[in-house]
Amino acid sequence: MKQKYALPAKSTIIVMAAGLALVGCAPLAGSTASDQSLDLAPPVAGEIASGALNGIPLVYAGNGGVIQDAQASTIWEPFQKDSGATVQQDSFELTKLKAMVDSGNVSWNMVNSSALENERYCGELFEKIDPAKVDLSQAPEGTIAGECTVPNIFMGYVVAYNAEVYGENGPKTAADFFNKEKFPGKRGAPLTPWMEAPAIEFAMLANDADFDALTTEDFHKATALYDTLGDDLIPWTSGAQSQQQLESGEVDMSLVWSGRGFGAANAGAPIEPMWGEWVVSIDGIAIPKGSPNVDASYAAINYLLGEQQQAAASAKTSYAPVNKNAVPEVPELTAEWLVSNQLESGHTISMDYWVDNWDELSGAWTTWVAGG
């Protein structure tokens, strides 16, 4: 059944150039638009009544690059045509959002950020998601990350290993990654300026931690396990670097973002994924606190979650769809790296643990990465 909306009363319409406009120096649409309340029927993922949002301007702030470009063409352009809304693109920065919220002048309607960041500032910088206004019934297991996040970009931290080095007896578990006797060779891991919670939980898996009763000591045991790798541990601080290490043979295995493992394999390197244990990673759409046109934002988010929309975006990015019914038309190699095909072995991070202990653990992470 199609989602139905009461058509909004005539209001100020911001005229845009055809297609999606990249926000530059011009005022953002949301900063001048009046807030319009809509009478939404029960939402259905992927559906919007034709012309239901005529003239309503929305601004989506994402993380740029291939993903934002792909979503612009596969999701936001069709959404504009179907709904009558306009969607401008901008780049998300947490500090900029804080300034907007503090000033009471929020010009973004939807933003993409890590689920962990969204939940850390849930209720402060982001609105709690109203479950009656967004259809999450088709979201894959493990992608519902908290009260302020709707899944958007679905990937994983996956061990990618060199099949020419390890043959058919490659690593199968998190513990194998740390077993230098059984699997000799160099390993890559993210030692970035920002805390990599999934990388820590990967080591917790190897330590057989009790995820129902985690303490800060489990964090320190995890970093200590990485320390046991000694000179065999090769840090990476960007996705591009992690992929280059795999392609060049600088490392024999690496804990990488799934898209980067795929990138190395797609470039011709003899790289295979380890699906025995991997860690789910979600970037999510959130609605900024105090943003205008919240009902229209929900309608846009519902559209993004649709089966066809997710399949199209996934086919352009190699990232997994956040609709369990979506079947992207992708080459066989791409399908091998889609985390949505490996849900049974995926581990979802302990969101409450990280939110509750963030300040202490992020400081400990910084000290550890610096060699302290």
Side-chain angles (χ1 to χ4, degrees), residues 113-124 126 128-129 131 136-159 171-179 189-192 194-229 255-258 273-284 286 320 322 324 339-369:
S113 183
S114 72
L116 183 52
E117 191 164 74
N118 292 348
E119 295 310 307
R120 284 176 57 211
Y121 295 101
C122 187
E124 178 184 347
F126 304 110
K128 290 188 177 181
I129 299 298
L136 291 168
S137 63
Q138 305 306 312
E141 184 178 355
T143 62
I144 307 299
E147 292 186 295
C148 285
T149 302
V150 174
N152 184 20
I153 300 168
F154 183 17
M155 57 183 179
Y157 283 67
V158 175
V159 171
K172 293 179 174 58
T173 67
D176 285 345
F177 181 84
F178 296 96
N179 190 333
L191 271 65
T192 60
W194 58 89
M195 184 163 63
E196 296 278 0
I200 293 296
E201 292 223 8
F202 179 75
M204 289 177 177
L205 285 169
N207 281 333
D208 198 24
D210 181 357
F211 288 97
D212 292 325
L214 290 177
T215 68
T216 55
E217 183 60 25
D218 288 297
F219 173 94
H220 296 292
K221 289 179 179 178
T223 55
L225 186 58
Y226 279 108
D227 288 337
T228 65
L229 296 175
L255 181 65
V256 296
W257 304 328
S258 52
M274 183 195 87
W275 294 116
E277 288 177 309
W278 62 279
V279 182
V280 173
S281 181
I282 293 292
D283 277 4
V322 292
K324 60 188 178 184
V339 296
S340 53
N341 293 333
Q342 308 292 336
L343 287 174
E344 290 186 3
S345 57
H347 169 81
T348 304
I349 68 169
S350 308
M351 188 66 70
D352 289 344
Y353 171 79
W354 293 103
V355 170
D356 293 344
N357 297 288
W358 182 264
D359 290 340
E360 177 182 351
L361 296 184
S362 62
W365 170 272
T366 300
T367 300
W368 175 64
V369 168

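Position 1 is the first residue of the sequence, and the numbers go up from there. Keep in mind that the numbers below use all heavy atoms, side chains included, and drop hydrogens, waters and symmetry copies.
W275 is linked by a side-chain hydrogen bond (donor to acceptor under 3.5 Å, both in side chains) to nothing, counting only residues two or more places apart in sequence or in another chain. With sequence neighbours left out, the side-chain hydrogen bond (donor to acceptor under 3.5 Å, both in side chains) criterion links S350 to E201. Under the side-chain hydrogen bond (donor to acceptor under 3.5 Å, both in side chains) criterion, W257 pairs with Y157, not counting sequence neighbours.
In this structure, the ring of H347 has its center no less than 6.0 angstrom from the ring center of F202. The ring of F178 has its center closer than 6.0 angstrom to the ring center of Y226.
L225 approaches A203 most closely through the heavy-atom pair CD2-O, 3.7 Å. Contact detail for I144 and A139: the closest heavy-atom pair is CD1-CB, 3.6 Å. Smallest separation of non-hydrogen atoms from P151 and I282: CA-CG2, 4.1 Å. The nearest pair of heavy atoms linking V322 to N152 is CG1-O, 3.7 Å. Considering every non-hydrogen atom in both A115 and T149, the closest pair reads O-OG1, 3.8 Å.
For the atom pair OG (S113) and CZ (F126), the distance works out to 5.5 Å, reported to the nearest 0.5 Å. Note that the OG1 atom of T216 and the CG atom of D356 stand 12.0 Å from one another [nearest 0.5 Å]. In this structure, D227 CG and W368 CH2 are separated by 6.0 Å, a value rounded to the nearest 0.5 Å. The OG atom of S281 lies 8.5 Å from the CD atom of E196; values are rounded to the nearest 0.5 Å. Between the OG1 atom of T143 and the CG atom of D283 there is a distance of 12.5 Å, given to the nearest 0.5 Å.
The shortest distance between side-chain heavy atoms of Y353 and L361 falls below 4.5 Å. The shortest distance between side-chain heavy atoms of F177 and M274 does not fall below 4.5 Å. In this structure, V279 and I349 have side chains that are in contact, with non-hydrogen atoms separated by less than 4.5 Å. With contacts defined as side-chain heavy-atom distances shorter than 4.5 Å, the pair L255/V158 does not qualify. Residues F219 and N357 are not in side-chain contact: their nearest non-hydrogen atoms beyond the backbone lie 4.5 Å or more apart. By the 4.5 Å heavy-atom criterion applied to side chains, S340 and K324 are not counted as neighbours. Looking at heavy atoms from C-beta onward, L343 lies in side-chain contact with P140 at the 4.5 angstrom threshold.
At least one donor-acceptor pair under 3.5 Å links the side chain of S258 to the backbone N or O of G156. A donor-acceptor pair under 3.5 Å links the side-chain atoms of D210 to the main chain of D212, judged by distance alone. A donor-acceptor contact shorter than 3.5 Å is absent between the side chain of D218 and the backbone of M204. In this structure, W278 contributes its side chain and Q342 its backbone to a donor-acceptor pair below 3.5 Å. E119 places a side-chain N or O within donor-acceptor distance of the main-chain N or O of E147, the cut-off being under 3.5 Å.
Within a 6.0 Å radius of CD in E344, other residues, nucleotides and ligands contribute 12 heavy atoms or fewer. In this structure, D208 places its CG atom where only 12 or fewer heavy-atom neighbours from other residues, nucleotides or ligands lie under 6.0 Å away.
Checking E277 against S345 by side-chain atom types alone, no donor-acceptor pair falls below 3.5 Å. With 3.5 Å as the limit, one finds no donor-acceptor pair spanning the side chains of E360 and W358.
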Exercise. Could you walk me through whether W365 and T192 pass the side chain to side chain contact (heavy atoms under 4.5 Å, CB included) check?
Worked result: CA-CA 9 Å; W365 170 272; T192 60; 4.3 Å; yes
